[in-house]
Every structure is written in structure tokens, then in C-alpha cells.
Amino acid sequence: MNDRSDFERASIETFTPLVESADLLRETRWEDRENRWRRRSLAIAGLLFVLTLISTLAVGAQFTSSYAAGQSPDFDDFFSTYGTLLAHPQLLLAGVPFAFTLLGILLAHELGHYFACRYYGISASYPYFIPAPTLIGTLGAFIRIRSPIHNRKALFDVGLAGPVVGFLFAIPALGIAIAYSSVIPLSEAHSSVVFGNPLALRILLAVLRPGVPVGDLLLHPAGRAAWVGLFATALNLLPGGQLDGGHILYAAASKYHRRVTLGVALLLIPLGYMFWAGWYLWAGLLLVLGFRHPPLLYQWERLDRTRLIWTAVAVLIFILSFMPMPVLIRTN
């Protein structure tokens, strides 16, 4: 009996280091894969950032040129000047106020998500910017989440962190720009590009430049970048799909996620008809991709009162940033 016990004890003592060695090997391999992925993610993020910096500098140079001339930018100029700017790169320096402000706000937004992921131990990529020859020089930025989100609290905080941080960066930039912007009567009256005015801009204008009609304010290029930041915040806070607003909705009331997503998508269709055709695209994205949301590993945990209050804050930020007609393009 004692001999058998000694044998079992010796077998366990021999087997245990083998198990620990196998676990250590698996952990080391996972860490190696994670480190390789992070290096590759950083390289891709760096390249996309440089390309987006160039595209936003090109757009910013056009905004600066139009602002110096005391007029709103012309739609055709956004694309016709790309060749000139690329042939004479020194002209891109004029776009620094717009590009740096915009990239700073977008980076703050994505880093809000990123550090929230790091706090909860969620594997996430570095921020990826999307360069594009558009009216704002980019299609925004995003991070890629590679591991499951465990509970509602983590999902809520990750979804909320980006819009809140981005908004906190955009508002001061917009306020400073409004304080130093030019006042030119009917500055957009004959422009081919007319930008909408979110409630946040109207409030800041009333406080900082009382008596100045919003139609007479020729917004400084840095202010236009802050405007883009607010617009991006509003888009992300749409309560549906896998947008930031959809994450917040799912964390607060997952059983309503599908119905609210459908309602928002259907509401965007008449908005597209009456105000801005871009809402058709967002409605289509929500209808095609928006109904599915990755399930949480622990569904039963409810949000605390503090986070429910922050839900109301997110709604307020959305109201302050949203514009039914973000951009109007006039054609001759």
C-alpha cells in the first residue's frame, strides 16, 4: 500500500512539471503571435496615418486658401487642386491647421476605445486611419478588436470612451476657432458647398460671438476640422448595429438592439430624401450589417446607475453633434 502511494506520488511529481512546461510553451507561443501581430498592426497604422495626413493636408490647404480669400470652398477645387499640391508639396503646409486638428480629434476618439480595451484586457489593434480624396480628406478611423468582450460594463465603457473623448477634444477646438473666425455676410450664399450647423456650434457662437448670425460666420479651417469631429461623433453614436451607439444600446438594453437598429435605419431613409443622400448609405449599412451584435460572455450582469447616467450623457452628445443636413452640394 505504501509502495503504491509512493509510486502515485512520484508519478504526479513527474507529470506536473511536464504540464507546466506545456502551458508555459503555449503561453509563450501566444505571446509571440500577439507581439508579431502588434508589430504588424503598428506598421499598418503608421502607413495609413501618413497617407491620411497627406490627404487631409491637401484638403486643409484648400480650406485655408478659400478662408484667406474670404469665401467658402468650391466643390470642384477640392479635386482639381490635388495635382497641383502633390506637384508642389510645400503648399501642403497651408493645410496644417485643418489636418492636425482633425487627426488629433480622430486619434483622441480611437485612443479612447483603445485604452478602454487595454483596461479590460481586450486585444485591440492600434488606430487605423482611412485616407480618401473626399471633402474632408478621410473616411475616419477605427480599431480592430480581436478578443471577446466579457460583460456589459466592458462593452459600455469601450463604446462610450471614444465619442466622449473625441467630443471633449472637438468642443474646445471649435470654440477657439469660432472666437477667431471671420464674419462675412452671406459667406455661403454663392458657395457650391454648404455645411450644416450642429447645435453645439450654434450654442458656442451665441456665447462667444453674440449677435453674429450663423450664416455670416466663415469658419476657420481648424473649426471646420472640429466640425468634422462632431459629425464623426454623431455618426458613431447612432444607436444601432455595431456603431459606438449600438454598443452602448446593447450594453444597456440588449433585447431592444435589433428593434432600435431597424427603427433608426428606417428613420434615416426619409432623412436621406429630405436632407442628405448620404443617409441612404448609413441606412443600408444598418439594414445589411446592423442586426447582429457579438454576444457577451456574461449576459446577466446589469449596468450600474452611474453608467445609466452616462447613457444620458451619450444621448446629449449625440443631440449636440447631429445634423440632419451635414453637407449640401449645389450644382450649376
Side-chain angles (χ1 to χ4, degrees), residues 30 34 37-38 41-42 44-45 48-49 103-130 139-171 229-258 260-261 264 282 285-286 289-318 320-322:
W30 183 88
E34 186 72 9
W37 178 79
R38 287 202 171 277
S41 172
L42 181 59
I44 296 172
L48 290 174
F49 179 83
L103 294 183
I105 294 170
L106 294 179
L107 182 61
H109 180 118
E110 296 306 325
L111 287 179
H113 291 312
Y114 177 79
F115 285 115
C117 287
R118 293 294 298 270
Y119 178 81
Y120 285 103
I122 301 169
S123 178
S125 71
Y126 295 102
Y128 294 145
F129 286 81
I130 309 175
L139 292 177
F142 67 96
I143 64 169
R144 181 188 173 194
I145 296 177
R146 300 177 66 239
S147 61
I149 298 178
H150 290 78
N151 53 45
R152 295 178 186 273
K153 182 173 66 174
L155 177 63
F156 183 90
D157 291 354
V158 169
L160 181 72
V164 168
V165 175
F167 185 79
L168 291 177
F169 272 73
I171 288 297
L230 291 180
F231 181 44
T233 298
L235 290 177
N236 278 284
L237 282 176
L238 285 171
Q242 297 189 44
L243 298 171
D244 294 339
H247 293 325
I248 295 170
L249 171 64
Y250 193 89
S254 56
K255 65 180 180 179
Y256 297 113
H257 181 267
R258 291 176 60 89
V260 173
T261 296
V264 171
W282 285 92
L285 289 175
L286 288 177
L289 304 174
F291 294 105
R292 297 184 61 186
H293 192 285
L296 301 172
L297 296 182
Y298 303 102
Q299 290 275 0
W300 56 84
E301 182 183 7
R302 298 299 174 185
L303 294 182
D304 54 82
R305 180 175 298 180
T306 299
R307 286 180 172 81
L308 292 178
I309 293 174
W310 273 105
T311 302
V313 173
V315 173
L316 177 61
I317 292 175
F318 175 76
L320 291 172
S321 306
F322 182 75

Can you say whether the rings of Phe49 and Phe129 are parallel (under 30°), tilted (30 to 60°) or perpendicular (over 60°)?
perpendicular

Measuring from atom CG of Leu230 to atom CG of Leu320, what distance do you get when rounded to the nearest 0.5 angstrom?
8.5 Å

Quick one: CG on Leu303 to CD1 on Ile309, what's the gap to the nearest 0.5 Å?
12.0 Å

To the nearest 0.5 Å, what is the distance between CD1 on Ile145 and CD1 on Ile122?
6.0 Å

Please check if the side chain of Arg152 supplies one atom and the backbone of Tyr250 the other of a donor-acceptor pair under 3.5 Å.
yes

May I ask you to check whether over 12 heavy atoms, not counting those of Phe322, lie within 6.0 Å of atom CZ?
yes

Compare every heavy atom of Thr261 with every heavy atom of Leu286, then report the nearest pair and how far apart it is.
O-CG2, 4.0 Å

In chain order, what residues pass the side-chain contact (heavy atoms from CB on, under 4.5 Å) check against Ala116, with sequence neighbours excluded?
Val158, Ala161

Heavy-atom side-chain contact between Trp282 and Val264 under 4.5 Å
no

Check whether any side-chain N or O of His257 sits under 3.5 Å from a backbone N or O of Gly240 as a donor-acceptor pair, and report yes or no.
no

Quick check against the 3.5 Å criterion: does Ser125 have a side-chain atom that pairs as donor or acceptor with the backbone of Ser41?
no

Would you find more than 12 non-hydrogen atoms of other residues, nucleotides or ligands less than 6.0 Å from Arg307 atom CZ?
yes

Between His247 and Gln242 (side chain of the first, backbone of the second, donor and acceptor by atom type, cut-off under 3.5 Å), is there such a pair?
yes

